[in-house]
Amino acid sequence: MSRPGPLSGFPEFLPADRIVEQHVLDTVRRVFELHGFASIETRAVEPLEQMLRKGEIDKEVYVLRRLHAPADEPDSGLGLHFDLTVPFARYVVQHAGQLEFPFRRHQVQKVWRGERPQEGRYREFTQADIDIVGRDTLAFHHEVEVALVMAEVFRALPMPRAEILVNNRKLAEGFFRGVGAEDPPAVLRAVDKLDKLGPSRVAELLQAEAGLSAGAAERCLALAGIRSADTSFVAAVRALGVEHPLLDEGLAELEAVVAAAAARMPGAVVADLKIARGLDYYTGTVYETRLVGHEDVGSICSGGRYDALATDGRTTYPGVGISLGVSRLLGVLVGRGLVRATRSVPSCVLVAVTDEASRERSEHVAGVLRARGIPTEVAPSAAKFGKQIRHADRRGIPFVWFPGAAGEPDSVKDLRSGEQGQADAGTWSPPEADRHPRVVRVDPTTPEEGTR
RNA sequence: GUGGGUGUAGCUCAAUUGGUGGAGCACCUGGUUGUGGUCCAGGCGGAUGCGGGUUCGAGUCCCGUCACUCACCCCA
């Protein structure tokens, strides 16, 4: 093969889109650290038995193997991590002696899953997680906190509105048991397909696969239909007349989360009693996030409360966390043309080169500009100025700098307006908005903005 | 992992019943003797994803494979 091709599920961006990606990563880190989450990174591999415990055998994990391993050598027992929560739980237990609790950390890393790729689903992708773990106990208010930190990230990014949907495992399980379900997880799986299959198909599933009576299925569907941005969902659940201690507990917790979130960031968090997703280690609050107008890509950010994930047998470290699917979000933002970078390179200025003999002069100008924090590159060749200008224009570099002839002042040209004027490298500054590439929303109602 | 659709130039697409692969955009050169985008003229550009098969002859038919994509599964 003469030209290498892409690898399914292992996406790569061109420079302009990478600028968008880095903007998202920078924003995520800035907001996380603004809230005091410390950064950690864990190794890419975990022991398989650690990752796959709790009977989750259907996880598609990539296993590590030495190329020259003899055929009869047992595998390494190591696999690439498929999320950041399980490695984090291991990390907490391993380093518990050196950590202060409650421990709040953020972690932005690649993860790998051996699934069949689709839009927004990759085999290698980046997640950005925040988690807070306590020793023995973890205050409830952190369940509100992590969701609102993510909401703040969404607000800081040029993206469609994101809705953090929240539910509670205890509420769901208590309700399902209250109507006589023997296999609450099966009920959850069926209810979760409500959006996709519709109520009548889900009612069939509930009876066929979860073993519910017709009446019980109907009440589960009624529960799944409940949704509110305030605490009015509590009365709606009560009106269904189901009784169970777990239900009471879950309902109270969800009410507290929604009330607190609504008070601090109205509209950011919505109680939605049909969401069920997340891994099976969640024990209470669960989150899932939809991009309004792009619900078809699924959740871009999810997580929840886990009481028993991290434990060394004697001490348990309950936690709550939420994970942003950076790659999935970017897949939508970039793939659907919702955002773009204002240019494809960091350079704000291209310094033209009059002739190779005077290249040093251009380099000097560039050095002065860079010292003042203005990203600058020097033209690669002393081609005709028309070519050098085009070099800049193609890349979206807004300014071209022309060193003056001996004794003459320099000048700088704004490629968008075409205006050119005298300038001194020691004092000239671009408009703040031009200094670095910006990531902006593309408004589909206005045509692509021209360069002039 | 299961099933369906697709795969022609950098991009978007053509190619009559299998009969020597074209166009637009982009790119390069010149008009424009150093200041881009418009216009005009000219030019470069492909072993039709890859491998095999059927045929006198395959972009076109068959098989395999890889990739993209949709649904399922699962989930960020």
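Note on naming: letters A, B, ... go to the chains in the order of the sequence lines (proteins, then strands), and numbering restarts at 1 for each one.
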Is any N or O donor-acceptor pair between the side chain of [X] and the base of [N] shorter than 3.5 Å?
X: A:Q388; N: B:U35; result: no
X: A:R328; N: B:C75; result: yes
X: A:R121; N: B:C73; result: yes

Below 4.0 Å: OP1/OP2 of [N] and any side-chain N or O of [X]:
X: A:R394; N: B:G37; answer: no
X: A:R290; N: B:A76; answer: no
X: A:S299; N: B:A76; answer: no

Between [M] and [N], how far apart are the [atom1] atoms? Round to whole Å, please.
N: B:A58; M: B:G18; atom1: C1'; result: 6 Å
N: B:U2; M: B:G21; atom1: P; result: 38 Å
N: B:G22; M: B:A15; atom1: P; result: 14 Å
N: B:U54; M: B:U60; atom1: C1'; result: 14 Å
N: B:A47; M: B:G59; atom1: P; result: 13 Å

* **Pairs where residues 9-19 of chain A contributes a residue and the test side chain to side chain donor-acceptor pair (under 3.5 Å) is met, not counting sequence neighbours** =>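 Side chain to side chain donor-acceptor pair (under 3.5 Å) check on residues 9-19 of chain A returns A:R18-A:E21.
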* Could you list the residues that satisfy side chain to side chain contact (heavy atoms under 4.5 Å, CB included) with A:R121, not counting sequence neighbours? =>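 Scan of A:R121 (side chain to side chain contact (heavy atoms under 4.5 Å, CB included), adjacent residues dropped) gives A:E115, A:Q118, A:R328.
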